[in-house]
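Protein chains get the first letters and strands the later ones, always in sequence-line order, with residue 1 at the start of each.
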Amino acid sequence: MRVAMTVNGVVREHDVEPRTMLVEYLREFCGLTGTKVGCDTSSCGACTVLVDGESVKSCTMLAAQADGADVTTIEGLATDGALHRVQQAFHEQHGLQCGFCTAGMVMASVSLLSEIPAPTEADVRLGLEGNLCRCTGYHNIVKSVLAAAEGAPA
Amino acid sequence: MIPAAFEYVRADSRGHAVALVAEHGDDAKLLAGGMSLLPLMKLRLATPAVVVDVGRLRDLSYVVDGGDHVSIGALTRHRDLEVSELLAAECGVLRAVAAQVGDPQVRHRGTLGGSAAHGDPAADLPAALVALDATFVAGGPGGERIISASDMFRGFLETALAPDELLTEIRVPKSGPSGFSFQKFNRRAQDYAIVGAVAARVGGATNVALVNMGGTPLRAVAVEEALAGGAPLADAARFAAEGTDPPADANASVEFREHLARVLVHRALEAAAG
């Protein structure tokens with residue numbers, strides 16, 4: 001079947017099998033391998049991308065369901081070589097170690113901050129409930145999101 | 001993990017959806033948000049030949065005042081319930097339960113109707129709907145019918161919906177912004193409840209329902225009867241495991257689940273009364 005969607009501002013169109021998951025579409029058809037497959041069972045959140053501005057787990061959504069949608073992956077956040085403020089905050093606060101969960105963490109954080117622009121620490125911890133990190137103990141990830149929030153000291 | 005191959009058809013109206021499932025019968029599955037069906041398909045526990053995607057029927061996504069009840073379109077997402085001011089004011093318990101389902105990513109996709117039609121006894125929302133005595137509106141080739149909460153959930157992943165019916169609306173009684181509690185016990189963030197308990201004051205009574213204590217979401221009838229008879233909350237809660245048939249699995253034995261039911265119902269009753 002034919003699917004078309006806007007991925008990071010560019011219209012992409014491919015013939016896919018109906019069973020193609022969105023994450024496979026992004027990685028294999030669009031060549032955007034920043035989005036990772038972790039658990040592949042919608043638990044770990046490594047595959048989180050934005051669909052029409054909201055976080056979803058792309059391992060548990062058909063490419064066909066995203067047909068016509070506006071999709072943003074980690075590759076689509078930076079503008080003109082400047083990191084997105086959430087990416088910058090993860091960099092400055094050392095919000096990662098091995099980096100495998102990071103794309104998903106950043107995308108989930110962008111979605112969280114669009115819903116709660118000035119979250120409390122508890123909001124951040126609950127808001128990232130769907131993303132697992134096996135390295136950091138979450139502490140610096142939470143610090144990163146708080147640093148990227150509205151009203152945080154620059 | 002890759003699902004078995006299937007034919008994908010997108011429904012462009014509820015009538016179209018019903019015609020498609022009527023045509024394909026047991027070979028077809030309706031796909032709403034996909035948060036339950038797609039994992040089952042990836043594990044090949046479900047292998048439908050035809051997937052009928054109803055996810056774009058936006059006219060089935062709404063939360064509106066129905067007079068003595070709130071009417072919710074079957075394709076209303078958990079996220080939309082979570083932020084609905086009408087629901088917070090008129091049926092706070094359903095808003096609160098929806099806000100605890102899965103994680104934000106799941107709540108951005110999953111729908112109330114999808115959760116109800118899936119009929120998972122370990123899911124939070126079906127138990128809330130049972131506690132509320134919700135009514136379900138289903139459309140089929142012969143027209144529309146109303147299903148009561150006591151009829152809806154028949155067995156494990158089994159509901160009263162016929163293969164050629166589409167759940168279109170869920171109606172919940174107005175029970176106010178407070179007077180409820182949802183106690184969910186799990187070991188890790190985002191997990192399904194090992195056991196959950198919903199208590200809600202509806203009309204003059206306190207209704208209690210249990211998550212993951214049998215093949216369907218269950219009303220804690222013995223607890224409700226004890227409360228109606230004037231028993232103190234702690235005494236009523238001791239009946240929480242009566243009439244249940246909880247599973248044993250890697251997370252908990254039958255006995256532990258029975259213990260959890262008593263403890264969680266007690267907490268829920270105290271919190272709902274407070």
Review point. Has B/Lys184 got more than 12 heavy atoms of other residues, nucleotides or ligands less than 6.0 Å from its NZ?
Key: yes

Practice item. Using the test side-chain hydrogen bond (donor to acceptor under 3.5 Å, both in side chains), find all partners of B/Arg188 that sit at least two apart in sequence or belong to another chain. Key: B/Asp191

**Study point:** From B/His108 atom NE2 to A/Lys57 atom NZ, the distance as rounded to the nearest 0.5 Å
**Key:** 11.5 Å

Exercise for review: State whether the number of non-hydrogen atoms from other residues, nucleotides or ligands found under 6.0 Å of B/Leu43 atom CG is greater than 12.
Suggested key: yes

Review point. Looking at side-chain heavy atoms only, is the closest gap between B/Pro39 and A/Thr41 below 4.5 Å?
Key: no

Exercise for review: Verify the neighbour count for atom CG of A/Asp15: are there more than 12 heavy atoms of other residues, nucleotides or ligands below 6.0 Å?
Suggested key: yes

Review point. Taking it one step at a time, do B/Val51 and A/Arg19 satisfy side chain to side chain contact (heavy atoms under 4.5 Å, CB included)?
Key: CA-CA 10 Å; B/Val51 169; A/Arg19 58 179 167 172; over 6 Å; no

**Study point:** Flag side-chain contact, heavy atom, 4.5 Å: B/Arg109 against A/Thr60
**Key:** no

Point to revise | Those residues of residues 97-111 of chain A, ordered by number, that approach chain B below 4.5 Å (heavy atom to heavy atom) | key: A/Ala108, A/Ser111

Exercise for review: Assess whether side chain to side chain contact (heavy atoms under 4.5 Å, CB included) is satisfied between A/Gln65 and B/Leu38, documenting all intermediate values.
Suggested key: CA-CA 12 Å; A/Gln65 290 176 289; B/Leu38 292 175; 3.4 Å; yes

Practice item. Kindly indicate, with the supporting measurements, whether the criterion side chain to side chain contact (heavy atoms under 4.5 Å, CB included) is fulfilled by A/Val3 and B/Tyr8. Key: CA-CA 12 Å; A/Val3 295; B/Tyr8 173 90; over 6 Å; no

Study note, to complete from the structure: Ordered numerically, the heavy-atom neighbours of chain B under 4.5 Å found in residues 113-128 of chain A are A/Glu115, A/Leu126, A/Gly127

**Study point:** Nearest non-hydrogen partners of B/Pro3 and A/Met21, listed with the distance
**Key:** CG-CE, 3.6 Å

Review point. Do any of residues 47-56 of chain A have a heavy atom less than 4.5 Å from a heavy atom of chain B, and if so, which, in residue order?
Key: A/Thr48, A/Glu54, A/Ser55, A/Val56

Check your understanding: Between B/Gln190 and A/Glu129, is there a donor-acceptor pair closer than 3.5 Å when you use the side chain of the first and the backbone of the second?
Key -> yes

**Study point:** Side chain, backbone, both or neither of B/Leu31 within contact of chain A (heavy atoms, under 4.5 Å)
**Key:** side chain

Check your understanding: Are B/Lys42 and A/Ser42 side-chain neighbours, meaning at least one heavy-atom pair lies under 4.5 Å?
Key -> no

